[in-house]
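Remarks on the structure that follows.
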Amino acid sequence: MAKKYLIIGAGFSGSVLANQLVKNLDCVIDLWDERDHIGGNCHTERDEQTGIMVHKYGPHIFNTDKKEIWDFVNSIGEFRPYVHRVKAMSNGKVYSLPVNLHTINQLFGKSFTPAEAKVFLETLADESITDPKNFEEQALRFIGKELYYAFFYGYTKKQWGCEPTELPASILKRIPVRFNYDDNYHNNIFTGIPVDGYSGIIEKLLEHEKIRVSLNKKFESGMDISGYDHVFFTGPIDAWFNFKYGRLGYRTVTFDTFYGDGDFQGTTQMNYCDEEVPYTRITEHKHFTNWEHHDKTICFKEYSKETEATDIPYYPKRLQQDKTLLLKYRNDAELLQKVSFLGRLATYRYMDMHNVIGESLNFAKSFLEADKSGKTPPIFPNIEQ
Ligand code: UDP
């Protein structure tokens, strides 16, 4: 008899899982999402006024080094070449990001060669910091205070709402530093943008008669889910437990949308690094799809703030108190039967799309193996660190 599964959340984690289960197992799947669209925070849609494909929850660029994940997403929908080139406004001037030879030469008014820039940066780096323990120490250790204050201090304070000394060094490690003129924001081998948007990809993942998608359907803690053989939860783990130990910390973002003619800023993303500017960045969506032509333009001015009960969680803060709380929820989750937790919100991690997809594919594999051999299925895709 066909198994009956419930997946909560129609973002990449839930949708990849639904796709894999239905392809490999005799099952029917109910997939709920509390919003009125699929795609979670990767959701894209064409703006009514301009026809431009808009990243409704901020810029998402697909990057990966893993060929199998690149092949997987390309087997679902068409991706076109796109290289993310971010510019940064600091103290009234525009610079190249991530920090590269051009940025160093621009900021210090030099014409260094790669070797000269390397030596120069070593004179700026604070070598007394041997084991960087937080974001600020990591920055001072590797790029020195001039670059740190020009590009990272103000932006990070606005983005995270706290001093960079309170944040883990791992956040800064997301961004490379280069001693050449390569200004690709990412370091990955494969990169692109889906022609029909991310929601187009997710729609295809869910195109199956045995997947029944219900939008505007919110999971409430304590709902009767006993009719399902297994439930997969991709929402915030604290919400599953009705926040009984308290709420995990997230930053959320809000957008001011504005329109114009032609080209507003000449690039997809301009970061505003000064603390006094209230927003963190402006995204101009038409630049994601340079193969399309649009006379008009639509931009999002992005603001960051603390997440309240009704806000959409974006960036997990992962401060010490959050990690303590997370462990309590994870321990409780381990005691549940027939429930698994996966994805960015259910595992409370800062995850890129390719990691979410890769983890969901692996999780589906483990689940299928467990099902076949009659073993207990995995509860989490990861071990908490
Ligand atoms: N960051 C910064 N200045 C910038 C860009 C990034 O200080 O101009 C810091 C900031 O703390 C941010 C982190 O680097 O949260 C990671 O940046 P990334 O661009 O990866 O953030 P995302 O695109 O995921 O928001």
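A quick note: this is a predicted structure, and the numbers were derived from the prediction, not measured. Counting from 1, the numbers follow the sequence of the chain as shown.
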Under 3.5 Å, is there a donor-acceptor pair between the S96 and Q106 side chains?
no
Which heavy atom of H287 sits nearest a heavy atom of T267, and at what distance?
CD2-O, 3.2 Å
Report yes or no: do I379 and L345 belong to one cluster of Ile/Leu/Val/Met/Phe/Trp/Tyr joined by side chain heavy-atom distances under 4.5 Å?
yes
Are H354 and F72, when compared by the centres of their aromatic rings, separated by less than 6.0 Å?
no
Considering only NZ, NE, NH1 and NH2 on the basic side and carboxylate oxygens on the acidic side, decide whether E306 and R251 come within less than 4.0 Å.
yes
Side-chain donor-acceptor contact under 3.5 Å, T347 with N382:
no
Given the rule in the side chain to side chain donor-acceptor pair (under 3.5 Å) test, do R178 and N187 qualify, once you have shown the distances and angles that lead to the verdict?
CA-CA 10 Å; R178 303 203 187 99; N187 255 339; 3.0 Å; yes
Under 3.5 Å: donor-acceptor pair, side chain of D65, backbone of I189
yes
side-chain contact (heavy atoms from CB on, under 4.5 Å) test vs L124 passes for just one of F142, Y148, F108, namely F108
Side chains of F258 and F264 in contact at under 4.5 Å (non-hydrogen atoms):
yes
Quick one: are F367 and L21 in side-chain contact, heavy atoms under 4.5 Å?
yes
With a 4.5 Å heavy-atom cut-off, do Y155 and N271 have their side chains touching?
yes
Are Y82 and T268 linked by a side-chain donor-acceptor pair shorter than 3.5 Å?
yes
Do I143 and L167 land in one hydrophobic cluster if side-chain heavy atoms of ILVMFWY residues count as linked below 4.5 Å?
yes
Just wondering, do E302 and I282 contact through their side chains at under 4.5 Å, heavy atoms?
no
Do T50 and D47 have side-chain atoms, one donor and one acceptor, less than 3.5 Å apart?
yes
Taking the side chain as every heavy atom from C-beta outward, state whether F151 and T103 have any pair of such atoms under 4.5 Å apart.
yes
Determine yes or no for a side-chain-to-main-chain donor-acceptor pair under 3.5 angstrom, with T252 supplying the side chain and I312 the backbone.
yes
Can you check side chain to side chain donor-acceptor pair (under 3.5 Å) on T307 and D311, steps first, answer last?
CA-CA 6 Å; T307 305; D311 291 327; 5.5 Å; no
Considering residues, nucleotides and ligands other than E334, do more than 12 of their heavy atoms fall under 6.0 Å from its CD?
yes
Using a 3.5 Å distance criterion without hydrogens, assess whether the side chain of D33 forms a donor-acceptor pair with backbone atoms of I38.
no
In terms of relative ring orientation, are F288 and H55 parallel, tilted or perpendicular, with 30° and 60° separating the classes?
parallel
Side chain to side chain, T165 and F135, heavy atoms closer than 4.5 Å:
no
Can you tell whether the side chains of K67 and D71 come within less than 4.0 Å, N to carboxylate O?
yes
Identified salt bridge (Lys or Arg N to Asp or Glu O under 4.0 Å) partner of E359 from the options K365, R349, R344:
R349
Taking only residues at least two apart or on different chains, which pairs with a member in residues 270-280 satisfy salt bridge (Lys or Arg N to Asp or Glu O under 4.0 Å)?
K157-E275
Among F233, Y228, F232, which one satisfies ring-ring contact (aromatic ring centres under 6.0 Å, His included) with H230?
F232
Atom CD of E68 with >12 non-hydrogen neighbours under 6.0 angstrom
yes
Face-on cation placement of R85 at Y185 ring, 6.0 Å and 45° thresholds
no
Centroid-centroid distance, Y198 to H43, less than 6.0 Å:
no
With ring-ring contact (aromatic ring centres under 6.0 Å, His included) as the test, would you mind laying out the steps for F112 and F120 before giving the verdict?
CA-CA 9 Å; F112 288 136; F120 176 69; 4.8 Å; yes
What pairs meet the salt bridge (Lys or Arg N to Asp or Glu O under 4.0 Å) rule with one or both residues in residues 223-250, with sequence neighbours excluded?
K244-D332
Does the side chain of H84 reach to within under 4.5 Å of the side chain of Q269, using non-hydrogen atoms?
yes
Which residue in the set W240, Y329, Y250 passes ring-ring contact (aromatic ring centres under 6.0 Å, His included) when paired with Y348?
Y250
